[in-house]
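Quick caveat: nothing in here was measured; it's all calculated off a predicted structure.
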Amino acid sequence: MHHTFVRSLLLCFTLFSTAALAEGTVARAQFASEVLDREPIDELADVIKVEYGEIQRVYFYTDLRDMQGSQVIHLWKLDGEVQAEVPFDIGGDRWRVWSSKRLMPGFDGTWSVDIVKDGVVLESRSFDYVDEW
């Protein structure tokens with residue numbers, strides 16, 4: 001009886017550990033002004049200032065690990081309101097994806113991107129976009 005209980009307990013622990021590993025991780029997440037050769041060329045500050053009337057493209061880059069076969073969404077928000085949903089099908093153990101948003105005059109406020117998998121927010125990053133007069 002005792003051995004059966006211990007085996008059951010070990011089986012539960014093993015299944016839980018495997019499920020936790022299958023969730024995957026976000027190795028990197030950052031805003032950049034450009035992505036070249038699947039890598040961001042820089043990391044933007046928490047406040048992005050642009051002269052009034054200019055258009056700024058901002059990229060959101062993520063390096064995902066151990067999520068093969070699942071789907072991840074970049075959920076772009078402005079002051080908490082969803083502006084865009086960009087889905088990605090993950091095709092490998094290490095998968096790098098990025099999406100971008102053209103920020104135009106009048107789009108100032110707090111921008112954020114949630115990394116969402118199976119309805120769960122894995123991570124979130126944000127920046128303030130400011131038009132300078």
Side-chain angles (χ1 to χ4, degrees):
M1 177 82 167
H2 177 69
H3 292 289
T4 303
F5 175 74
V6 171
R7 284 184 187 151
S8 297
L9 189 60
L10 287 173
L11 178 62
C12 288
F13 178 74
T14 302
L15 291 174
F16 177 75
S17 297
T18 303
L21 289 174
E23 293 296 315
T25 59
V26 177
R28 278 189 296 162
Q30 69 187 70
F31 292 104
S33 61
E34 182 69 63
V35 176
L36 294 174
D37 296 324
R38 298 183 184 188
E39 286 293 325
I41 64 167
D42 55 12
E43 185 164 1
L44 298 177
D46 292 339
V47 176
I48 298 173
K49 295 179 182 177
V50 64
E51 287 188 35
Y52 184 77
E54 287 185 4
I55 296 173
Q56 174 88 30
R57 182 171 296 274
V58 174
Y59 291 81
F60 186 67
Y61 172 90
T62 53
D63 183 347
L64 307 170
R65 306 293 171 94
D66 303 317
M67 295 187 198
Q68 185 172 359
S70 59
Q71 187 179 74
V72 171
I73 297 170
H74 283 177
L75 193 63
W76 286 80
K77 298 179 189 176
L78 172 57
D79 294 328
E81 298 286 324
V82 174
Q83 303 295 311
E85 292 184 35
V86 184
F88 300 97
D89 293 325
I90 309 305
D93 290 335
R94 178 181 184 207
W95 208 251
R96 296 173 287 178
V97 299
W98 56 93
S99 59
S100 67
K101 189 79 176 125
R102 283 183 53 174
L103 303 178
M104 296 186 265
F107 282 22
D108 26 348
T110 300
W111 282 88
S112 63
V113 178
D114 294 341
I115 305 167
V116 181
K117 179 178 173 250
D118 300 327
V120 175
V121 176
L122 301 177
E123 286 195 36
S124 185
R125 298 283 191 277
S126 65
F127 65 91
D128 289 321
Y129 181 70
V130 179
D131 266 337
E132 292 199 331
W133 291 86

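V130 and V58 fall into different hydrophobic clusters, where Ile, Leu, Val, Met, Phe, Trp and Tyr residues are linked whenever their side-chain heavy atoms come under 4.5 Å apart, directly or through other members. Taking hydrophobic clusters as Ile, Leu, Val, Met, Phe, Trp and Tyr residues chained together by side-chain heavy-atom distances below 4.5 Å, I90 does not share a cluster with I73. Cluster annotation: I48 and Y59 are assigned to distinct hydrophobic clusters (Ile/Leu/Val/Met/Phe/Trp/Tyr, side-chain heavy-atom contacts under 4.5 Å, transitive). If you chain together hydrophobic residues whose side chains sit under 4.5 Å apart, V116 and V72 never meet in one group. Connection of V35 to L44 is not established within any shared hydrophobic cluster, with ILVMFWY side chains joined at heavy-atom distances below 4.5 Å, either directly or through further cluster members.
Note that OG1 of T110 is 4.0 Å distant from CG of D128, once rounded to the nearest 0.5 Å. Atom CG of D114 and atom CG of L122 lie 9.5 Å apart (nearest 0.5 Å). Here the CG-CD distance, from D89 to Q71, works out to 5.0 Å after rounding to the nearest 0.5 Å. Taking NE2 of H74 as the start and CD of E85 as the end, the distance is 12.5 Å to the nearest 0.5 Å. Note: R94 CZ to Q68 CD = 14.5 Å, rounded to the nearest 0.5 Å. Interatomic distance, CG of D131 versus NZ of K49, reported as 12.0 Å (0.5 Å rounding).
Between the side chain of Q56 and the backbone N or O of K101 there is no donor-acceptor pair closer than 3.5 Å. Judged purely by atom type and a 3.5 angstrom limit, R125 uses its side chain to pair as donor or acceptor with the backbone of A29. Side-chain N or O atoms of Y129 include none that pairs as donor or acceptor with a backbone N or O of G106 at under 3.5 Å.
For D42 against Q30, the heavy-atom pair with the smallest separation is O-NE2, 3.0 Å. Nearest heavy atoms, E39 versus R96: OE2-NH1, 2.9 Å. Nearest approach of F88 to S99, heavy atoms of both residues: CZ-CB, 4.1 Å.
Looking at M67 and W95, their side chains never come closer than 4.5 Å, going by heavy atoms from C-beta outward. Looking at F127 and L103, their side chains come closer than 4.5 Å, going by heavy atoms from C-beta outward. The shortest side-chain heavy-atom distance between T25 and L64 does not fall under the 4.5 Å cut-off.
No more than 12 heavy atoms of other residues, nucleotides or ligands shown are found within 6.0 angstrom of CG on D46. More than 12 non-hydrogen atoms from other residues, nucleotides or ligands lie less than 6.0 angstrom from CZ of R28.
Between W98 and Y61, the ring planes lie parallel to each other; the angle is under 30°, not in the 30° to 60° tilted range.
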Practice task
Apply side-chain contact (heavy atoms from CB on, under 4.5 Å) to F60 and W76, showing your working.
Solution key: CA-CA 9 Å; F60 186 67; W76 286 80; 3.7 Å; yes
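Between R57 and E34 no salt bridge is recorded (no basic side-chain N to carboxylate O distance below 4.0 Å).
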